[in-house]
Student: 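Sharing a structure with you now.
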Amino acid sequence: MELIDRFRESFGFVFEDALLNEIVSISRLRKVKEGDVLIDIGEQIQLMPLLLQGAIKVMREDKEGDELLLYFLEPGDTCTMTLTCSMGVSKSEIRTIAETDAEMLLVPVVKMEEWLIKYKSWRGFILESYNNRMMEMLETVDSLAFMKMDERLYKFLRDSVKLHGSTTISKTHLDIAHELHTSRVVVSRLLKTLEKNGKIKLHRNRIEVLDF
DNA sequence: TCATTAACACGGG
DNA sequence: CCCGTGTTAATGA
């Protein structure tokens with residue numbers, strides 16, 4: 001399929017044709033594999049991604065090296081962090097990792113500001129992106145501050161199903177414990193309870209989500 | 001009360 | 001055997 005068509009699929013409803021064409025002519029396609037680190041903390045950002053396919057995990061890291069999930073990007077999204085580049089900041093405050101195999105268009109950040117003036121649809125897209133990322137981050141904060149571990153775990157499983165488009169999650173209890181910043185004992189116990197309640201089915205290295 | 005840590009048994013690859 | 005998993009007991013917040 002032509003790149004322009006693929007792009008239109010994810011972003012066509014957002015941008016006018018002139019902008020679509022300009023983006024496709026100036027950007028390049030990048031394909032990444034699950035687990036690839038796209039941008040790490042402290043790196044210079046020169047390209048902004050427009051996600052066509054897959055899911056990207058956006059994380060923050062504390063002094064001890066613990067990772068904190070901020071939000072996910074899905075097709076039609078962009079990384080709001082790159083937007084700060086047009087405001088003079090160029091070092092990344094975050095780390096982005098491919099949650100699944102993914103494809104994106106990369107646009108030089110210098111174009112960002114130009115398009116903000118030139119295209120109304122671009123301005124709208126950027127503002128909406130900021131808003132969406134902010135909302136998702138609020139959801140994450142809520143979950144950390146207010147939700148109990150069993151609710152957080154269930155949310156984690158549902159998000160994973162949604163992001164991967166599959167009801168099978170190939171992660172160990174220890175992996176999940178790290179992501180949720182708890183111990184494996186708790187994860188194993190809560191997963192067992194979910195299984196008893198018929199929400200999931202447990203296997204080795206694999207969790208099947210039945211009800212979500 | 002509920003999470004964490006350590007410890008142990010079981011069993012599949 | 002190694003590792004993921006399921007459980008328990010002790011300890012702490």
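Letters A, B, ... are given to chains in the order of the sequence lines, protein chains preceding strands, and every chain is numbered from 1.
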Student: Do His173(A) and Ser188(A) have a side chain donor and acceptor closer than 3.5 Å?
Tutor: yes

Student: Compare side-chain N and O positions of Thr182(A) against OP1 and OP2 of dT4(B) and report whether any pair is under 4.0 Å apart.
Tutor: yes

Student: Whole-Å distance between dC3(C) P and Arg184(A) CZ?
Tutor: 14 Å

Student: To the nearest Å, give me how far apart CG (Asn205(A)) and C1' (dG12(B)) are.
Tutor: 10 Å

Student: What pair of heavy atoms forms the shortest contact from Thr193(A) to Arg189(A), and how long is it?
Tutor: OG1-O, 2.9 Å

Student: Kindly indicate whether a cation-pi arrangement holds for Arg158(A) with Tyr154(A), taking the cut-offs as under 6.0 Å to the six-membered ring centre and within 45° of the axis.
Tutor: yes

Student: Quick one: His173(A) NE2 to dT4(B) P, roughly how many Å, whole number?
Tutor: 16 Å

Student: Given dT5(B), dA3(B), dC3(C), identify the nucleotide with an atom nearest to the side chain of Arg204(A).
Tutor: dC3(C)

Student: Starting at CZ of Arg189(A) and ending at C1' of dT4(B), how long is that distance when rounded to a whole Å?
Tutor: 11 Å

Student: Could you check which of dT7(C), dT5(B), dT5(C) has an atom nearest any side-chain atom of Lys192(A)?
Tutor: dT7(C)

Student: Taking CG from Leu153(A) and P from dA3(B), how many angstroms apart are they, rounded to a whole number?
Tutor: 11 Å

Student: Figure out the CG/C1' separation between Leu190(A) and dT1(B), and round it to whole Å.
Tutor: 14 Å

Student: One pair to check against side-chain hydrogen bond (donor to acceptor under 3.5 Å, both in side chains): Ser129(A) and Asn132(A). What are the steps and the verdict?
Tutor: CA-CA 5 Å; Ser129(A) 290; Asn132(A) 288 341; 5.7 Å; no

Student: In this structure, how many angstroms lie between the C1' atom of dG4(C) and the CG atom of Leu191(A), rounded?
Tutor: 12 Å

Student: What is the nucleic acid contact for Thr172(A), judged by heavy atoms within less than 4.0 Å: base, sugar-phosphate only, or nothing?
Tutor: sugar-phosphate

Student: Taking atom P of dA3(B) as reference, at what distance in whole Å does atom CE of Met147(A) sit?
Tutor: 14 Å

